[in-house]
Protein chains: 2
Amino acid sequence: MSRKIFVSAKEVAERAGVSRSAVSRTFTQGASVSQETRRRVIEAAEALGYHVNHLARGLMRDESGIVCLIAAELDTPYRASLIRALTRHLQSASKIAMLVNTDRSDESVGQALRLAISYRADASIILSGMPARSITDICLKSGQRLVLINRDEERDGALMINLNDRDAAQRAFLALLRAGCRSFAFANSEALTPSLMAREEGFREAGRKHGMEVAVERFGATTYESGLVLAQRLLTRESRPDAIFCANDLIACGVMDAARHQFKLDIPSQLCLIGFDDIEQAKWSSYNLTTFAQPVDEIAAEAVTWLAHAPSQVRSRKLVAELVWRGSVRGG
Amino acid sequence: MSRKIFVSAKEVAERAGVSRSAVSRTFTQGASVSQETRRRVIEAAEALGYHVNHLARGLMRDESGIVCLIAAELDTPYRASLIRALTRHLQSASKIAMLVNTDRSDESVGQALRLAISYRADASIILSGMPARSITDICLKSGQRLVLINRDEERDGALMINLNDRDAAQRAFLALLRAGCRSFAFANSEALTPSLMAREEGFREAGRKHGMEVAVERFGATTYESGLVLAQRLLTRESRPDAIFCANDLIACGVMDAARHQFKLDIPSQLCLIGFDDIEQAKWSSYNLTTFAQPVDEIAAEAVTWLAHAPSQVRSRKLVAELVWRGSVRGG
DNA sequence: GAAACGATTGCACACGCTTGCAAAGGCGTG
DNA sequence: CACGCCTTTGCAAGCGTGTGCAATCGTTTC
């Protein structure tokens, strides 16, 4: 392995004819350096291709500038857009994202958190899974910040960002009811995530409140393929639903495709659909899906400002997912 | 800001009743420690919640374990799946991905590379844009590895991974010709990336070879929305194409939706379409798009094994994108 | 029993940086 | 000119780790 040779502050100092401290101060925000020395240092640094070693800097300061993003299935549209938003916000807060890919197991999330500790990350943001308390305790005790997005379990000292899933589900029911639907169903995955369950329960609850039965099916992961299967199951029931609220836009797309191509149903006249997330594809004219928009940018902004600024007392933020009316429900 | 307090090797050493070196050696691959001390060190480390400080380790070793991923528009399906594959492969090679979000400008890619240098990344993988030679030179001179995916320009010492775009485009032409198409078009974006241009030129060239004119339109970014516009332009020409090869699956989806919903064309009987990338949505039954599959996993594997292992002489790898037959071309 | 050998272990230095502290220099005021 | 104040600068300690070197210890061989 070829040795790595980076230019150090010492070399810059020698070339600029100043002390090493002067170089360090030149690149430290708010340190005391004269115009003249700064100029000479910058010049020498430029010429030599010097860059402050953030590893060494992180050793002295109590900030490494690293924030660890922990997520599974990062190629999923919603997940990907959240990651994009997070990295953007982190970068404008002069932080850098470290991305850890987990499978869905809580064990692997634990491993990811250990990695975050090893790199002395300033914070970890968890998008999937929920690690054991023993590990989150180490994080928090070490002074590492922790942000949980759409997780349910509580951790003292962590910031929890959640959506109004339950309310949204109830609004979905009302919207479908007003559209004249009579037979309701909820298409869920088997990944019984807190937020997915909140949507399911909110929808059922709304059904009960209006004295209507809600059919529920659960299958697989929250993917397009699961949507195909779920549609198959729901639409072959003896009382076929004319309204399906899907846990997810991906599922909704699957359901819609199966309903149209396999069952030859027209949407929205014979079947109304509502999804959740407002992924890119929901806008595509083949789907034109009515759905709830995840406030992705707001989530990212909230997370980043919290972990970048002084520790406010706020421990939990609830953001709202707004209903986006499109063509998959009658009479928007 | 609350101070961060991590437990250090010294504390572990004290608790285990050994020297600090013993602790260090316990966590160093292939160092000389007796069974007994190792056991006591591990036990103490476990009890205290000790994790080796990778920042400090990176200071001593010439490997930080960090690999910098540089990309724009990371929420795009193809990009997202590549990032997922890369992080997975990196992790199984005990490396960690640092994700930098750039806009398309080469300037911002340069900034990203500076960041990679600052964090003493072992390597950088560039998925979008092309930084100035002055910066890549610093990287390479420092001994940092550089992988360019689907970039064209050459950099001595960097690994370039490319696809057979030109050949693929010619195969696309043949496939369309055999399907009985007579009027050919290429739908491109204005992002004149090397690989996109290679597809365009390959397609035109195949046309020339068969004595057929190829209509070309370019618009916007490589997005679904651009596809809508491109379809609008191409399908209102006086000699309407009955075969469109799209630079991208996203564009292809846009073109298909516009063709169907706005121009009421049937696919593939009235219009044949081929895309590129084989994104998730290409499989969706609304699109069922014939396309070329990016060998995402192979790309990632190639990149990671190169940068993780000893410097082989190979400087350039050309991988093949296979044609995936689906329903958007007649007679697959 | 002495010598030779290999496995462990501790010491101390190095990595590249930040920062408290004190010394040095510049400048206005009395 | 003496004094005090403020800005700038260098020194040196320290951050948490890896590792060469020499010392120690236990074991084997003659």
Side-chain angles (χ1 to χ4, degrees), chain A residues 1 3-42 44-45 48-66 117-122 142-144, chain B residues 1 3-41 44-45 48-66 117-122 142-143:
Chain A
M1 187 62 95
R3 259 206 116 53
K4 290 203 287 184
I5 305 166
F6 291 93
V7 16
S8 76
K10 195 168 99 182
E11 304 172 49
V12 176
E14 279 166 8
R15 173 164 181 138
V18 297
S19 77
R20 226 189 25 254
S21 326
V23 178
S24 178
R25 291 195 169 101
T26 299
F27 294 103
T28 299
Q29 200 71 356
S32 163
V33 210
S34 72
Q35 284 295 333
E36 174 58 12
T37 35
R38 157 168 271 121
R39 197 188 55 71
R40 293 169 61 188
V41 168
I42 299 266
L48 294 174
Y50 170 74
H51 291 83
V52 179
N53 186 333
H54 275 53
L55 267 43
R57 172 177 276 180
L59 214 49
M60 285 299 301
R61 291 215 222 276
D62 57 338
E63 284 183 7
S64 62
I66 297 174
I117 296 178
S118 287
Y119 278 101
R120 299 302 188 258
D122 296 337
S142 312
Q144 188 178 86
Chain B
M1 187 63 94
R3 259 205 117 55
K4 289 203 285 186
I5 304 166
F6 290 93
V7 16
S8 75
K10 195 168 99 184
E11 304 170 49
V12 177
E14 280 165 8
R15 174 165 181 138
V18 296
S19 79
R20 205 184 47 70
S21 321
V23 178
S24 177
R25 287 193 238 266
T26 299
F27 295 102
T28 299
Q29 199 72 355
S32 163
V33 211
S34 73
Q35 285 294 332
E36 173 58 12
T37 32
R38 159 169 269 120
R39 198 189 55 69
R40 293 168 61 188
V41 167
L48 295 175
Y50 169 74
H51 292 82
V52 179
N53 186 333
H54 276 52
L55 266 43
R57 172 177 276 181
L59 212 50
M60 287 298 302
R61 287 212 221 278
D62 56 340
E63 284 183 8
S64 62
I66 298 174
I117 296 177
S118 288
Y119 279 100
R120 297 303 186 258
D122 296 337
S142 313

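Reckoned from all heavy atoms, side chains included, excluding hydrogens, waters and symmetry mates.
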- Query: Counting heavy atoms not belonging to A:Gln35, are there more than 12 under 6.0 Å from its CD?
  - Reply: no
- B:Arg61 CZ - C:dA14 C1' separation (whole Å): 15 Å
- Could you state the CZ-P distance from B:Arg39 to C:dT8, rounded to the nearest angstrom? 15 Å
- Which residue lies toward the 5' end of DNA chain D, B:Phe6 or A:Ser34, if each is placed at its nearest nucleotide? A:Ser34
- Message: Just the rounded figure in Å: distance from C1' of C:dG16 to CG of A:Asn53.
- Response: 6 Å
- Query: What's the CG-C1' distance between B:Leu59 and C:dC15, to the nearest Å?
  - Reply: 4 Å
- Message: Rounded to whole Å, please give me the gap between CZ in B:Arg38 and P in C:dT9.
- Response: 10 Å
- In Å and rounded to the nearest 0.5 Å, what is the CD1 to OG distance from B:Ile5 to A:Ser142? 8.5 Å
- Message: Considering every strand and a 4.0 Å limit on heavy-atom distances, what is the contact class for B:Ser21: base, sugar-phosphate, or nothing?
- Response: base
- Heavy-atom contact window of chain A on DNA chain D, given 5' to 3' at under 4.0 Å: D:dT8 to D:dG16
- Query: Nearest-Å distance, CD1 (B:Ile117) to P (C:dG16)?
  - Reply: 15 Å
- Pair B:Arg120 + B:Asp62: basic N to acidic O under 4.0 Å: no
- Message: Please list, in numerical order, the residues of residues 11-20 of chain B that have a heavy atom closer than 4.0 Å to any atom of DNA chain D.
- Response: B:Arg20
- Using atom CD of A:Glu63 as one end and atom P of C:dT18 as the other, report the distance to the nearest whole Å. 13 Å
- Quick one, which residues of residues 23-32 of chain A touch DNA chain C with a heavy atom under 4.0 Å? A:Ser24, A:Arg25, A:Thr28
- Message: As an exercise, state the distance from NE2 of A:His51 to OG of B:Ser118, rounded to the nearest 0.5 Å.
- Response: 5.5 Å
- Task: Assess the pair B:Phe6 and B:Tyr50: is the distance between their ring centroids shorter than 6.0 Å?
- Result: no
- Task: Would you kindly compare B:Thr37 and A:Lys10 by the position of their nearest DNA chain C nucleotide and give the one closer to the 5′ end?
- Result: B:Thr37
- Query: Shortest non-hydrogen contact from A:Glu63 to A:Asp122?
  - Reply: CA-OD1, 3.4 Å
- Message: Checking B:Ser24 against B:Ser21 for the side-chain hydrogen bond (donor to acceptor under 3.5 Å, both in side chains) test, could you report, in this order, the C-alpha distance in whole Å, the side-chain angles of both residues, the deciding distance, and whether it holds?
- Response: CA-CA 5 Å; B:Ser24 177; B:Ser21 321; over 6 Å; no
- For the student: nearest non-hydrogen atoms of A:Arg15 and A:Ala44, plus distance: CG-CB, 3.8 Å
